[in-house]
Amino acid sequence: MPNPDSKLRIYNTLTKAKEDFQPLNPPQVGIYLCGPTVYAESHIGHMVGPVIFDTIKRYLRYSGYEPTWVVNITDVDDKLINKSRERGIPVSQIATEMTADYLANLRELGVNQIDYMPRATDHMGNIIRFVEDLVEKGFAYAVEGDVFFDVTKDPGYGQLSNRNIDDQQGEGGGAAAKKRSSGDFALWKSAKPGEISWDSPWGKGRPGWHIECSAMSREILGETFDIHGGGLDLMFPHHENELAQSGCCHGKPMVKYWMHNGLMRAGAKGKVGGKSDRESAAEATPEEAAEGKISRSKGAGGLSTLIRRHTGTRIRFFLLRTHYRSTILFNDEGLEEAGVALEGFYRLFDRVEEITGKSFYDDSFEPARTRAEGEFDPGDNELLKQVDEFRGKFIVAMDDDLNTGLAVSVLFDWLRSMNRYLDETKLASGAKADAPEVVALVTAMQKMKELTDILGLFTKVPASGGGDEAAQEMLDKAVHLLIDLRKEARERKDYATGDTIRNRLSEIGIALLDKKEGTTWEAS
RNA sequence: GGCGACUUGGCCGAGUGGUUAGGCACCGGAUUGCAAAUCCGUCUACAGCGGUUCGACUCCGCUAGUCGCCUCCA
């Protein structure tokens, strides 16, 4: 065993219970997360899965495992085809653009742990083989160029989402008439004239929605792997169908642990439920009220804009403050507050850097990379005893189904403890590096870094005052403050002061322009 | 109609059968030339009604409300 101390427990959607995490082939852990269909720009809801799984992978490695994480890109499907028709450009171009957008957003949020990002269109042969296999084994049938999965052949069908085929509302659509039973779903869809297509034993066509995940996960992670994740909305039909396809094709379970993250809701202020909701709903703008659940079809705003305004770190922190399985109510005030909360850490890191000369944002503190390596003896140092306790609490929280919210609260206690220590020891910038107080401080921060690295927080220097827009606004206000001071000085004929302000600003690269209607400024 | 999740203090959000979550905001104090920051402290809780129990916010039931999925939304 890589780490006999690991007591990680994970909530498994399939069994609806928290289970001890036991990988199939330790120390290896295979993780597959359903990625986006790249037909439009991503919104914040698309980041919940990536951020939590990025954290899960970091934590698994910290716990001594060797995780491999796959996120697929679905780059061919009906919505892409529609978009292509709308915009008059090829499907591939839309996919390329939107994939780039998605990747840029991931990068901003510090999601950098993905090992493979397979694209459906790169796995066509693989997908077709999978469908052929299912047909041969009698789980699927071809009708006029389409191939459907026969849900009646799978006695376990519905186990993940706990549904009964007979209870389901029927489905319309042109393909319905071809199906043996209404619950059957498409594995392969025949191409209409002019549509993007690939050759197959059933004629020209494209894959159905779910099959690409079954084919690609098998290719990279094997017929059975450890963790499969995605948003709660994918549980049915997407994951149910994947599970059915792969299970029937291989005669064994596809996945050991199914993990589903909660969905975001666009947020009016107030509670999600309860009495106050009626009022808060009334306060919401019609746009907000109509939005409800964030989804592409309802037009949630571009994520890149949000990142520019709030920074990726802030958004990541905001997501990690809540447990991954709960609904996150998302609004601007929430992000704003997350930013305020984060400030406290930035100030601590500044204080510490003053004293030690070490930056928290790089690897200056040389944190341990695994839990085993990070074990240490605090001796009878009061600070380090506390640190050891915080570290233990943090790990317990993470072991309990990735309770990042609780883990973050430990960080806040830790923060206070560090500030208290700095207040009491009165350490300042001249402190000797080998002074016992400084040595303890460095150790404490090293431990903190060890854990914040798991959450992927504080890995880069914070942009001052938030994103670009916020910084611009702040700069503008600051310059106007100086303009006002200069005006007051000139009004009492203190031209020396007035000119000093203008000249000094000019040296910085800010030109003041005196006009009839007042003074403005521009970057020179 | 079927399946499922949820309801914690001004707001956001953890958690537990009897013991301080945490954050933001507020208030009091320490510190500070003033302010900020920091520290200390206080104050607002577990939707309603029943039941189990020595004891429930935590378990069970009912009621009310909110939310999600039910063929292509992460």
Side-chain angles (χ1 to χ4, degrees), chain A residues 13 16 33-37 40 42-50 52-53 71 74 77-79 102 158 161-173 175-176 179 182-186 189 208-210 229-238 240-241 260-265 267 269-278 280-281 292-298 300 317-318 321-323 325-329 331 333-334 336-344 347-348 350-351 393 397 400 403-413 415-424:
Chain A
T13 315
K16 296 174 182 38
L33 175 71
C34 282
T37 301
S42 37
H43 63 250
I44 188 169
H46 295 121
M47 294 294 121
V48 181
I52 186 65
F53 275 84
V71 178
T74 299
D77 100 316
D78 291 358
K79 279 183 297 210
Y102 183 71
S161 55
N162 189 26
R163 11 194 116 219
N164 195 319
I165 308 168
D166 305 328
D167 291 340
Q168 299 311 304
Q169 293 172 350
E171 178 247 349
K179 295 180 183 176
S182 65
D184 293 352
F185 55 91
K189 297 177 155 191
W209 178 28
H210 324 291
L232 209 50
D233 53 345
L234 291 185
M235 195 162 92
F236 187 89
H238 187 54
E240 190 71 69
N241 292 350
H260 290 96
N261 59 268
L263 304 179
M264 292 201 102
R265 288 185 51 221
K269 41 196 170 252
K271 301 180 190 178
V272 178
K275 289 179 234 164
S276 65
D277 190 68
R278 197 163 291 159
S280 67
K293 180 197 156 195
I294 298 180
S295 75
R296 286 167 170 166
S297 53
K298 289 174 185 162
F317 176 72
F318 175 76
R321 283 178 86 178
T322 310
H323 187 88
R325 280 192 284 119
S326 58
T327 304
I328 303 177
L329 195 61
N331 55 38
E333 295 83 62
E336 212 52 63
E337 195 205 298
V340 173
L342 237 23
E343 294 292 328
R347 283 190 215 101
L348 171 68
D350 283 348
R351 283 182 93 175
K393 281 185 181 168
D400 182 16
N403 192 338
T404 53
L406 187 58
V408 164
S409 82
V410 172
L411 252 26
F412 278 102
D413 289 336
L415 168 66
R416 176 175 292 117
S417 188
M418 293 309 298
N419 276 321
R420 195 187 302 131
Y421 179 77
L422 292 178
D423 284 356
E424 282 168 2

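Reminder, nothing fancy here: chain letters follow the sequence lines and each chain counts from 1. All values below were derived from every heavy atom in this structure, side-chain atoms included, with hydrogens, water molecules and symmetry-related copies excluded. Being a predicted model, the structure only gives us computed values, none of them experimental.
Note: NZ (Lys16(A)) to P (A5(B)) measures 8 Å, nearest angstrom. If you measure from atom CD of Glu240(A) to atom C1' of G2(B), you get 14 Å, rounded to the nearest angstrom. Following rounding to the nearest Å, Glu336(A) (CD) and C24(B) (P) show an atom-to-atom distance of 14 Å. Atoms NE2 (His43(A)) and P (A74(B)) sit 7 Å apart, rounded to a whole Å. Summarising the geometry, the separation between NE2 on His238(A) and P on A74(B) is reported as 9 Å, rounded to the nearest angstrom. To the nearest angstrom, P of U71(B) lies 11 Å from CH2 of Trp209(A). Whole-Å rounding puts the Leu406(A) CG to G15(B) P distance at 7 Å. Put simply, CZ on Arg265(A) is 11 Å from P on C69(B), counting in whole angstrom units.
Between A35(B) and G28(B), the two P atoms lie 13 Å apart (nearest whole Å). Separation of the C1' atoms belonging to A30(B) and U42(B) is 15 Å when rounded to the nearest angstrom. Annotation: C6(B) and A14(B) have their C1' atoms spaced 15 Å apart (nearest Å). As rounded to the nearest Å, G15(B) and C34(B) have P atoms that lie 44 Å from one another. For the C1' atoms, the distance linking U8(B) with C57(B) amounts to 8 Å, nearest Å. Nucleotides U58(B) and U52(B) have their P atoms positioned 15 Å apart, rounded to a whole Å. Taking the P atom of each, C39(B) and C24(B) are spaced 10 Å apart, rounded to whole Å. When the P atom is used for both C11(B) and U44(B), the distance is 15 Å, rounded to whole Å.
Checked against C70(B), A74(B), G23(B), the side chain of Arg416(A) finds its nearest nucleotide in G23(B). Closest to the side chain of Asp413(A), out of A74(B), G15(B), G22(B), is G22(B). Set against C67(B), G22(B), C39(B), the side chain of Asp423(A) has C39(B) as its closest nucleotide. Taking the side chain of Phe236(A) as heavy atoms from C-beta on, and the options C67(B), G23(B), C69(B), the nearest nucleotide is C69(B). Listed candidates were U71(B), A74(B), A14(B). Nearest to the side chain of Phe185(A) is U71(B). In the set A21(B), C72(B), C24(B), A21(B) carries the atom at the smallest distance from any side-chain atom of Ser409(A). Of the candidate nucleotides C70(B), C67(B), A74(B), A74(B) has the atom lying nearest to any side-chain atom of Met264(A). You'll find that the side chain of Asn162(A) is closest to C3(B), out of C3(B), G13(B), C39(B). The side chain of Arg420(A) lies closest to C40(B) when the candidates are A74(B), A14(B), C40(B). The side chain of Val340(A) sits closest to C24(B) out of C24(B), A14(B), G23(B).
Using a 4.0 Å heavy-atom cutoff across all strands shown, His323(A) reaches sugar-phosphate atoms only and no base atom. Residue contacts shown for Arg321(A) include a base, since a base heavy atom lies under 4.0 Å away. Using a 4.0 Å heavy-atom criterion, one finds that Asn241(A) contacts no nucleic acid atom at all. Contact annotation for Gly334(A): no contact, since no heavy-atom pair falls under 4.0 Å across all strands. Across all strands, Arg351(A) comes closer than 4.0 Å only to sugar-phosphate atoms, never to a base (heavy-atom distances).
By the 4.5 Å heavy-atom criterion applied to side chains, Glu336(A) and Phe318(A) are not counted as neighbours.
For the pair Lys179(A) (side chain) and Asp184(A) (backbone), a donor-acceptor distance under 3.5 Å is present. Although no hydrogens or angles enter the test, the distance criterion places no donor-acceptor pair under 3.5 Å between the side chain of Asp400(A) and the main chain of Asn403(A).
Side-chain N/O atoms of Thr327(A) include none lying less than 4.0 angstrom from OP1 or OP2 on U66(B). Dashed line: the shortest gap from a side-chain N or O of Asn419(A) to OP1 or OP2 of C39(B) is under 4.0 Å.
Sequence order on RNA chain B of the closest nucleotides to Gly230(A) and Ser161(A) puts Ser161(A) first from the 5' end. Each of Asp78(A) and Arg347(A) lies near RNA chain B, and the nucleotide nearest Arg347(A) is the one positioned closer to the 5' end.
Considering OG1 of Thr13(A) and CE of Met235(A), their distance stands at 6.5 Å, rounded to 0.5 Å. Considering CZ of Arg163(A) and CZ of Phe236(A), their distance stands at 5.0 Å, rounded to 0.5 Å. Atom-to-atom distance recorded for Phe185(A):CZ and Asn241(A):CG is 3.5 Å, nearest 0.5 angstrom.
What you find for Cys34(A) and Leu234(A) is that their closest heavy atoms are CB-CD1, 3.7 Å.
Between Trp209(A) and His238(A), the angle of the ring planes stays under 30°, which puts this pair in the parallel group of the 30/60° scheme.
Where RNA chain B pairs in unbroken runs of 3 or more (Watson-Crick or G-U, both distances under 3.5 Å), the stems are B:1-7 with B:64-70, B:10-12 with B:22-24, B:27-30 with B:38-41, B:47-51 with B:59-63.
Between Lys189(A) and Asp78(A) a salt bridge is recorded (basic side-chain N to carboxylate O distance below 4.0 Å).
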Candidate pair Arg351(A) and Asp423(A), rule side chain to side chain contact (heavy atoms under 4.5 Å, CB included), full reasoning: CA-CA 11 Å; Arg351(A) 283 182 93 175; Asp423(A) 284 356; 2.8 Å; yes
